[in-house]
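One structure is given here, and the rest of the page talks about it.
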Amino acid sequence: MDIIVSPKSGFCFGVKKAVDIVYDAIESGDKVYTLGPLIHNPQVISDLKKRGVIVEENLDNIHTGTVIIRSHGVGQDIYRRIDEKGLKLIDATCPFVKRIHNIVYKYWKAGFDIIIIGEIKHPEVIGINGWCNNEAHIVYSEEDIAELPYIDRACVVAQTTIMQTKWNELISILKNKIKDIKIFDTICNTTYVRQKEAKKLAKIADVMLVIGGRNSSNTQKLYNLCKMYCNNTFAIEKAEDINKNMLDTGNIIGITAGASTPNWLIEEVIRTMDNMNKKNNMDIEGKDENNLNNGNVESETNEKTINHIKAEEKGETEEKTEATKKIEDEDIEANTQNINQQDSDLTENTTDDFSMEDFENTLIDIKTGQIVNGKILSVSNDELIVNIGYKSDGIIKKEDVLIEEGKELSDVFEVGQEIRAVVTKLNDNEGNVILSHRQLEESEAWNRLKDAYNKKEELKGKCIEAVKGGVIASVEGLKAFVPASHISTRYIEDLETVVGQDMRLRIIEIDRHKNRLVASQKVILEEERRAKEEALWETIEEGQKIKGVVKNIVNFGAFVDIGGIDGLIHISDLAWTHVEKPEDVLSVGDEIEVVVLSVDRERKRVSLGYKQLFPHPWDDVDKKYPVGSIIKGTVSRITDFGAFIELEPGVDGLVHISEISEERVNKVEDYLSVGDEVEVKVLDVNPADRRISLSIKEAQAEKEFKNLKKEESRTSSSHDNNEPIISMGEFFPQQKKEDNE
Ligand code: F3S
């Protein structure tokens with residue numbers, strides 16, 4: 001008996017990956033669910049159940065733990081629901097199935113009708129349909145196609161495990177029915193090769209054993225295919241299903257197995273057959289000794305076959321049997337033609353905006369470190385899933401996204417949004433490409449900052465934190481240290497006051513390798529100040545009125561920043577009156593107008609005047625205090641010859657000692673004190689000499705005269721007598737004397 005195991009039998013890449021993922025997840029100790037049976041193999045499922053894996057069809061029944069999406073994949077909605085439920089997700093979707101999701105999603109978004117050639121109830125098809133809002137037309141026969149509505153333009157994909165012949169047959173019908181049709185042969189190459197090899201083997205085998213789960217779609221298809229070429233084809237699930245009658249019908253036993261069949265099961269089948277064969281030989285022992293020798297040879301052959309399977313499992317170069325080589329040689333030309341035809345069909349059907357070329361361009365190999373563009377497929381609290389046009393989707397973890405602190409991914413990103421990222425890992429052991437948005441953004445930010453550093457450009461920043469010796473500012477998404485001495489042109493006592501402020505920054509030190517980024521705001525402010533100063537020196541001139549801010553007050557005056565230059569207002573120029581100390585007139589921070597009194601460009605000095613902007617109190621003094629008027633004033637100073645009376649700040653008049661009283665005054669202090677408020681009569685005004693002569697005694701006499709006149713008019717009416725009681729000349733002889741003069 002010659003046992004030939006068809007190449008590519010058993011676990012495909014996608015299933016092996018999924019199974020490995022589940023066994024790894026078991027190790028984590030978490031409660032592990034698979035959303036539906038992981039694979040169509042009862043032995044494997046039973047082993048997983050023994051290890052605690054729970055098969056759950058309905059997500060509603062899962063409340064905690066880890067959910068593993070099997071290689072068949074699921075619709076977009078399931079990802080959202082897993083996220084909403086806060087469950088841990090391990091996505092074991094086969095990358096080839098993910099590729100179909102991507103194609104479907106892309107074309108559905110572009111307005112195409114989606115046609116899936118596949119079995120309507122197959123989980124993979126249900127999952128694919130979930131990437132076009134469950135709006136796909138699912139066809140599996142000519143009749144299904146006949147019932148399709150009118151379709152303007154369509155994108156056609158295949159369930160990965162359908163027969164190539166069915167695909168070819170239905171595609172040719174669809175091409176005649178739909179004018180604008182984009183065709184993507186998504187039949188898994190593994191399936192194609194498995195079917196091709198099984199067919200070759202079935203052609204020469206006397207018996208074909210197809211190992212696989214009874215519910216496995218690809219196993220059933222393998223069985224049907226083999227049956228077409230080998231009448232003695234049997235489907236078995238496990239070694240115990242083999243019986244002697246099956247093997248009695250020939251010498252060449254061909255074995256193939258579905259994608260869900262583990263290699264250990266194939267080995268078990270081979271050993272069982274080997275044992276059955278040995279037993280058979282033992283039964284006939286003695287009858288024919290040569291047969292016994294043959295039995296030993298066959299047993300050796302079977303061990304070789306098992307080793308061959310192991311070698312293939314490890315990815316080692318397979319050593320093909322003579323029989324296999326022969327079949328390959330026979331079919332190689334036909335298969336090459338078939339593949340070429342498939343390629344040319346695809347090219348022919350994808351020549352417009354969404355050409356195959358475009359698509360294939362996005363499917364080129366990616367490398368770690370490569371920058372990729374993608375569209376966001378889903379946004380959760382922890383990660384973004386991104387379609388990067390590769391066979392697997394990209395995942396960007398929250399920590400790999402550069403966003404403002406405190407913001408959630410959903411605050412910044414939305415489904416459908418384009419995003420650029422760098423590939424950091426091609427495979428995270430779950431088939432996903434790991435991307436980093438942060439790394440790319442930071443890398444580009446460093447480049448921009450380096451450029452800005454070289455060009456001494458100003459950058460916008462925001463102070464986010466006060467630290468020892470300075471503050472941290474966010475600039476272009478990176479953190480820059482701003483030393484305390486570089487925050488401002490003035491000293492800042494409390495650095496916390498800067499936190500939250502927008503900053504104008506220039507990079508003064510940059511070293512990406514040391515992650516060192518130092519910025520300064522002061523250099524910008526100082527440069528601006530210098531520029532303003534230079535411009536001001538060009539234009540400033542005496543007599544110019546200019547606005548400024550009081551920066552500093554000293555005992556001899558106040559310094560005022562007039563826009564890059566600090567000018568001095570001397571204390572004597574603060575007010576027309578005597579100023580005891582500058583603080584009596586101005587305070588630091590006051591915004592005032594000043595007049596430029598003098599400019600010394602060589603010594604860089606500017607004298608400013610403040611009082612000059614106000615009228616001098618002696619201006620119009622003769623109009624304010626006309627001769628003969630009686631006004632009030634305050635004794636401001638006393639001298640031997642009289643007393644100075646302040647009429648208003650800056651305007652004093654003199655009451656000569658002789659004008660203080662009718663009596664003889666020997667000492668002014670006997671009559672007046674500083675601060676006394678007195679009424680005075682203006683005797684003379686001389687604005688040019690800034691002199692005003694005043695008289696208290698005349699003011700008093702006039703006042704008393706007026707009172708007497710009032711009294712006289714009151715009493716004369718009661719006496720009925722027109723004669724005056726007293727004359728002015730009698731009451732105030734001096735006044736009268738002056739009047740006479
Ligand atoms: Fe994937 Fe192909 Fe297997 S689609 S799951 S590798 S059959």
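When a ligand or atom number is given, it counts from 1 through the structure's own listing order. As the structure is a computational prediction, the values presented were derived from the model and not from experiment.
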Q | Atom pair CD1 (Ile116) and CD (Glu124), whose distance is rounded to the nearest 0.5 Å | A | 9.0 Å

Q: Could you tell me whether Lys166 and Glu169 make a salt bridge, using a distance below 4.0 angstrom between a side-chain N and a carboxylate O?
A: no

Q: May I ask you to check whether His437 and Phe413 place their ring centers less than 6.0 Å from one another?
A: yes

**Q.** Ion pair check, Lys17 and Asp20, cut-off under 4.0 Å
**A.** no

Q: Answer yes or no: is there a side-chain heavy-atom contact under 4.5 Å between Lys398 and Ser380?
A: no

Q) Any chance the side chains of Tyr33 and Asn61 put a donor and an acceptor closer than 3.5 Å? A) no

Q) Hey, which protein N/O/S atoms does atom 2 (Fe) of ligand 1 have under 2.8 Å? A) Cys188 SG

